[in-house]
Q: 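This structure is in structure tokens; I'll ask about it shortly.
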Amino acid sequence: MKRIKRLITAFALVAVLMISALSVFASGCGDDKTEKPIDTSKPMLPTTEYPDEEPEPEDNTPEDPGERVDHIFEAEAAQFNGVSTSSNSSMGGICRAQSYFFDVSFGGCIIIRNITNTSNKYIFEFESSAAYKCTMEVAVASAYTSGWVERELAAMYDIRVNDVTLDTDVVVPAGNADQVKGGNNYTCIQHVEVPITIKEGSNLIVMSVLAGVCNLDYINIKTSAELSGFTEKWWDDDTVTTIDLPTETETGTINFACTEHGKSNTFALPELADDKGYIENGGGSYSFVLEGETYTMNADGTYDFPEGVQIAAEPEPEPEPDPDDEAEDPNAPELPEVVINGKDFFDPDKWTTFTSGDETGAKPVEMNGALKFVHEPARFDFFYVKGENGSYTHLGETASKINNDATKVYGKDYGWELEMSSTGAFDMILFATSGEQSVINATNNGGVFLTVESDKITVKNHYYTTASETVAEGNIGTPLTFDGKTKFTIKFTVQRVSDTLLKFKIAVNGTEVEFTQSSYDLKCSEVGADNYIELTLRANGYGQRLCVVPGGRIVRIYDLTTPETAAAEETV
């Protein structure tokens, strides 16, 4: 039986092999067929296989195990690369004096507005005692176009922490009007947090600007590690902070002035009260923190400030009023009549007040043989000369408006000498235009702001309401006496050099003031030869005005000698 089964199995195997052979023979003996060509008109998938990319190395840095402490790095204290401020001036660093906004209740108190150029970078370097995964808070302004909008933090900045790009989908929320400080949309600061990894030793955080209107207030690294080695003022920041102390009922000021960059900004300090944004210490004591340092002010007038902070000088007490001064003196001499451009200089009604956009002004009054200015400024059409045909032109006029007869005034010195007294330092503005104007520069009109002190005269750039960058300074030989009665003379000698150049010099009590050019470059004003200060005229020229700004003093003018009166005196 077994033999029969083996034979059947053998026959089955032979049958299978024969069927396979016949299939092969049939396929080889069929009709000849050519293979279809490869269709290269259609994209083909690659057939080459490559090994998978190596995965990113795993970050084995431990989570911060301790209590995380704030480490705030102010934006103003960062190093900068390729910075252009809103004034388009390139520099390698930012000083506090260039801060756009200050408020004691606002984060780090100060902010730089509109660092928008995509070549700009905030660079923070520091040392860490340990390597941890921790948290970084970013205090940044909400994106604002015609209103506040959400914007991803990654669309505002490319953030690299130790050469690793921060991958985050954190959204900076849209702001609202309640978050705005000082009425400015750009101060609507939001606070978002992102995870970061810091190393033991040196760390570098670089925030490259990707979009405009993303003003950075500060970053705050929250970690239990000890952070050190961060140099806040890595450049030579000459910023001097000066504070005029507030009280419980009156506001004060804080001024940042930097000679290195020729910048000065003054901001308000609110009254010392519970709801004004200060840190309340109790017992009438209030503080705010600026760049990691605490400023404390007390209701009794005492204070505790960081080293180097200055206190604004107390205003000089005004002298006791002279009873005879406030009453008309029947024996007082009459004011002289001096006509300039058809207007009597000593007629108070011929003086004008400052218009909208300028300082609040008031006309002077005639008092005991003098034109008296009390506390508030006033101005007069000045620096006019008479041409040969009897018409007047002012020396700062646009060249195209000066008639042919008046062009003969070019290249000549004309002098106006004022006999004056004052109860203290005061200001005057020369060649000031009417209405609101901006800084003297290549495109704008303006004026020249003079501060007359007992021992010196400072020439400044002028914004009407703010005397800004110092252009030049000159010492007065014999100091003036500011008692409100002792008279002195100030003489302005002005020459229209050409269509595009005006220059002037100043003499006090007959002695010319020798001015020294400041380090600040005004572009179109400089100290020239023979003590002249030269002004480059632009398309609209300069104004013709003389402004007297008492600044809390009492200033009097007793007499004025003009080129015309001087010529008349010479002929007598």
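Only a predicted model underlies this, so the values are computations on that prediction, with no experimental measurement involved.
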Q: Can you see which heavy atom on C188 is nearest to which on W148, and at what distance?
A: CB-NE1, 3.4 Å

Q: Let me confirm one number: the CD1-CG distance from I490 to L450, rounded to the nearest 0.5 Å.
A: 8.0 Å

Q: Run the ring-centre check on F426 versus F373 and record whether the distance is less than 6.0 Å.
A: no

Q: Test side chain to side chain contact (heavy atoms under 4.5 Å, CB included) on Y286 and E280 and set out the steps.
A: CA-CA 5 Å; Y286 300 87; E280 300 172 35; 4.0 Å; yes

Q: Just by modelled atom types, is the A425 backbone N or O under 3.5 Å from a matching donor or acceptor in the R553 side chain?
A: yes

Q: Mark yes or no for whether D244, through its side chain, and I254, through its backbone, hold a donor-acceptor pair below 3.5 Å.
A: no

Q: Is there side-chain contact between V549 and I429, with at least one heavy-atom pair below 4.5 Å?
A: yes

Q: Please check if the side chain of N220 supplies one atom and the backbone of H71 the other of a donor-acceptor pair under 3.5 Å.
A: yes

Q: After noting the C-alpha distance and the side-chain angles of N203 and L227, does the key distance pass the side chain to side chain contact (heavy atoms under 4.5 Å, CB included) rule?
A: CA-CA 10 Å; N203 287 263; L227 303 189; over 6 Å; no

Q: Which residues pass the side chain to side chain contact (heavy atoms under 4.5 Å, CB included) test with E150, sequence neighbours left out?
A: V171, A174

Q: Within the 4.5 Å heavy-atom criterion, are Y303 and I311 side-chain neighbours or not?
A: yes

Q: With rounding to the nearest 0.5 angstrom, report the OH to NZ distance, Y157 to K121.
A: 13.5 Å

Q: Quick one, V170 and E193 - any side-chain contact, counting heavy atoms below 4.5 Å?
A: no

Q: Do F288 and M297 have side chains that get closer than 4.5 Å, going by heavy atoms?
A: yes

Q: Write down the atom of A154, the atom of L210, and the distance for their closest heavy-atom approach.
A: O-CD1, 3.2 Å

Q: Any chance you could measure I205, atom CD1, to I123, atom CD1, to the nearest 0.5 Å?
A: 12.0 Å

Q: Heavy atoms only: give me the nearest F124-I219 pair and the separation to one decimal.
A: CD1-CD1, 3.6 Å

Q: Counting distance only, does the side-chain N/O of D70 pair as donor-acceptor with the main-chain N or O of K222 below 3.5 Å?
A: no

Q: Could you walk me through whether L290 and F305 pass the side chain to side chain contact (heavy atoms under 4.5 Å, CB included) test, one step at a time?
A: CA-CA 11 Å; L290 174 60; F305 293 152; over 6 Å; no

Q: Any donor-acceptor pair under 3.5 Å linking the side-chain atoms of T296 with those of N281?
A: no

Q: So do L430 and L546 actually touch side chain to side chain, heavy atoms under 4.5 Å?
A: yes

Q: Which atom pair, heavy atoms only, marks the closest approach of E63 to Y132?
A: O-CD2, 4.1 Å

Q: Identify the two heavy atoms, one from A378 and one from A362, that lie closest to each other, and give their separation to 0.1 Å.
A: CB-O, 3.3 Å

Q: I want to know whether F73 and F126 have ring centres closer than 6.0 Å.
A: yes

Q: Just by modelled atom types, is the S224 backbone N or O under 3.5 Å from a matching donor or acceptor in the D64 side chain?
A: yes

Q: Closest approach of E453 and I476, non-hydrogen atoms and distance?
A: O-CD1, 3.5 Å

Q: Determine whether a donor-acceptor pair (N or O, by modelled atom type, separation under 3.5 Å) exists between the side chain of N298 and the backbone of D300.
A: no

Q: Is the shortest heavy-atom distance from the side chain of L153 to the side chain of I159 under 4.5 Å?
A: yes

Q: Passes side chain to side chain contact (heavy atoms under 4.5 Å, CB included), L269 versus Y278? Steps please.
A: CA-CA 10 Å; L269 287 175; Y278 291 109; 3.9 Å; yes

Q: Taking D163 for the side chain and V161 for the main chain, is one N or O donor matched with an acceptor at less than 3.5 Å?
A: no

Q: Counting N and O atoms only, with roles assigned by atom type, does the side chain of S142 sit under 3.5 Å from a partner on the main chain of V172, one being a donor and the other an acceptor?
A: no

Q: Would you kindly say whether T165 and R160 are connected by a side-chain donor-acceptor distance under 3.5 Å?
A: yes

Q: With rounding to the nearest 0.5 angstrom, report the CD to NZ distance, E127 to K199.
A: 10.0 Å

Q: Hey, does T352 have a side-chain heavy atom less than 4.5 Å from the side chain of R545?
A: yes

Q: With rounding to the nearest 0.5 Å, note down the distance linking OG1 in T223 to CD1 in I198.
A: 4.0 Å

Q: Return yes if some donor-acceptor pair links the side-chain N/O of T253 with the main-chain N/O of T266 below 3.5 Å, else return no.
A: no

Q: Any side-chain donor paired with an acceptor under 3.5 Å for E200 and S129?
A: no

Q: Roughly how far apart are I196 CD1 and T61 OG1, rounded to 0.5 Å?
A: 11.5 Å

Q: Apply side chain to side chain contact (heavy atoms under 4.5 Å, CB included) to S454 and list each qualifying residue two or more places apart in sequence or on a separate chain.
A: F482

Q: Compare all side-chain heavy atoms of V448 with those of F504 and state whether any distance is below 4.5 angstrom.
A: yes

Q: Would you call K276 and E248 a salt bridge, using N to O less than 4.0 angstrom?
A: no

